[in-house]
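Below, chain A is the first sequence line, B the second, and so on; all start at residue 1.
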There are 2 protein chains.
Amino acid sequence: MIESTIENTPARTDPCKAAPPAHPRPEGHDRYTISEVAAFTGLTAHTLRWYERIGLMPHVDRSHTGQRRFTNRDLDWLAFVGKLRLTGMPVADMVKYAEMVREGEHTFEARAELLQRTRRDVLERITELQDTLAVLDHKIKFYADARTASERP
Amino acid sequence: MIESTIENTPARTDPCKAAPPAHPRPEGHDRYTISEVAAFTGLTAHTLRWYERIGLMPHVDRSHTGQRRFTNRDLDWLAFVGKLRLTGMPVADMVKYAEMVREGEHTFEARAELLQRTRRDVLERITELQDTLAVLDHKIKFYADARTASERP
DNA sequence: TAAAACCTTGGAGTGCACTCCAAGCAAGCC
DNA sequence: GGCTTGCTTGGAGTGCACTCCAAGGTTTTA
């Protein structure tokens with residue numbers, strides 16, 4: 001087990017899919033201000049502070065005057081949280097996951113279960129969306145046909 | 001154009017995907033009470049009244065004493081609204097669509113545009129979810145590997 | 001016919017996920 | 001040094017999509 005308490009995130013070796021709005025992480029020296037992180041993640045500074053307040057962040061480092069200094073590890077975590085957010089997972093569940101991460105390796109099984117449940121939800125949602133796509137296509141075709149009919153009466 | 005102001009909905013010829021929790025529409029004589037509709041659609045009676053108040057329903061019929069009597073056409077419309085809801089479309093946009101439907105055929109083009117925009121959103125969301133699925137699978141595999149390693153030290 | 005279950009309304013309340021505010025320090029620039 | 005911009009906090013406010021309430025009329029069941 002080479003992993004620390006905070007998990008490794010895939011090291012982002014697969015950027016083949018279009019990058020989200022604002023994620024060009026600079027090769028900075030690992031201490032980002034809150035507004036930099038806001039720019040990288042697309043979240044607002046407000047939301048980042050709120051995430052920390054509710055326990056969704058793993059203890060963010062501070063400068064000697066008390067300002068937040070986020071690390072690349074924090075950005076990885078936020079990227080993962082962003083993925084979970086896309087699944088529609090409630091924030092409360094993400095907090096539960098974050099707590100389990102803080103608690104250490106004995107929560108591996110529970111974490112895996114949570115992710116497997118989430119995985120099922122995602123598959124279900126994809127199916128629903130594909131169904132919806134079929135309905136939309138049907139309706140769109142109806143409107144297209146209506147237009148053709150009125151053009152060539 | 002054989003369509004009335006309210007569009008036809010596909011007649012549901014493709015129930016191959018698992019039916020949602022409670023949609024077994026009975027061969028009733030086309031006048032359902034609000035609680036029957038609630039049972040068929042999975043929405044609450046509260047929500048159905050609210051939908052009507054905000055203009056998301058095409059004028060629901062009433063009994064001689066003023067109680068709502070929904071038709072099969074209403075159920076079709078609600079099924080379509082349910083699909084739109086799955087896409088994450090805001091209720092305000094659905095109301096806009098409903099208004100266009102009420103306004104008649106001259107809104108065909110605008111309706112088609114709205115649906116095409118929605119279609120693009122759905123495709124995008126499906127892609128996002130598939131991305132997310134990859135991340136989840138990676139994490140789940142990590143936990144599975146961790147378990148195997150501890151079983152066979 | 002009487003009780004139980006269901007329906008009506010406008011308006012108020014809920015839960016979620018942010019989003020903003022005020023007052024006061026902190027940091028970068030001329 | 002002084003100015004502007006940025007960061008800090010707890011707590012209050014916002015927007016969305018419902019969700020519920022009270023008081024009363026209606027329909028069904030026994």
Between B/Arg49 and A/Gly66, which is nearer to the 5' end of DNA chain D once each is assigned its nearest nucleotide?
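This one resolves to A/Gly66.
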Distance-only side-chain donor-acceptor flag, A/Thr71 / A/Asp74, under 3.5 Å:
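Distance-only check passes for A/Thr71 and A/Asp74.
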Backbone of [Y] reached by a side-chain donor or acceptor of [X] within 3.5 Å:
| X | Y | result |
| --- | --- | --- |
| A/Ser63 | A/Gln67 | yes |
| A/Arg102 | A/Gly55 | yes |
| B/Asp61 | B/Arg69 | no |

Any side-chain N or O of B/Arg69 under 4.0 Å from OP1/OP2 of C/dC6?
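No, outside the criterion.
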Within the structure, does a side-chain N or O atom of B/Thr65 lie under 4.0 Å from either OP1 or OP2 of C/dC7?
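B/Thr65 to C/dC7 OP1/OP2: no side-chain N or O under 4.0 Å.
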Relative to the ring of A/Tyr143, is the ring of B/Tyr97 parallel (under 30°), tilted (30 to 60°) or perpendicular (over 60°)?
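B/Tyr97 and A/Tyr143: perpendicular rings.
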Output yes when A/Arg73 and A/Asp76 qualify as a salt bridge under the 4.0 Å nitrogen-oxygen rule, no when they do not.
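Looking at A/Asp76 together with A/Arg73, the answer is no, because their closest N to O distance does not fall below 4.0 Å.
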DNA chain C contacts among residues 84-93 of chain B, heavy-atom distance under 4.0 Å
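The answer is none.
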Considering every strand and a 4.0 Å limit on heavy-atom distances, what is the contact class for B/Arg53: base, sugar-phosphate, or nothing?
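B/Arg53: base contact, heavy atoms under 4.0 Å.
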Relative to the 5' end of DNA chain C, which residue comes earlier, B/Arg68 or A/Thr47, by the nucleotide with the nearest heavy atom?
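Of the two residues, B/Arg68 wins.
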Opening and closing nucleotides of DNA chain D in contact with chain B, under 4.0 Å to non-hydrogen atoms
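Taking any atom under 4.0 Å from a heavy atom of chain B, the span is D/dA17 to D/dT27.
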Please name all residues satisfying salt bridge (charged side-chain N to carboxylate O under 4.0 Å, His left out) with A/Arg62, sequence neighbours left out, ordered by chain then number.
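If we apply the salt bridge (charged side-chain N to carboxylate O under 4.0 Å, His left out) test to A/Arg62, skipping adjacent residues, the hits are A/Glu52.
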Got a sec: does the CD of A/Glu99 have more than 12 other heavy atoms crowding it under 6.0 Å?
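More than 12 heavy atoms, drawn from other residues, nucleotides or ligands, come within 6.0 Å of this atom.
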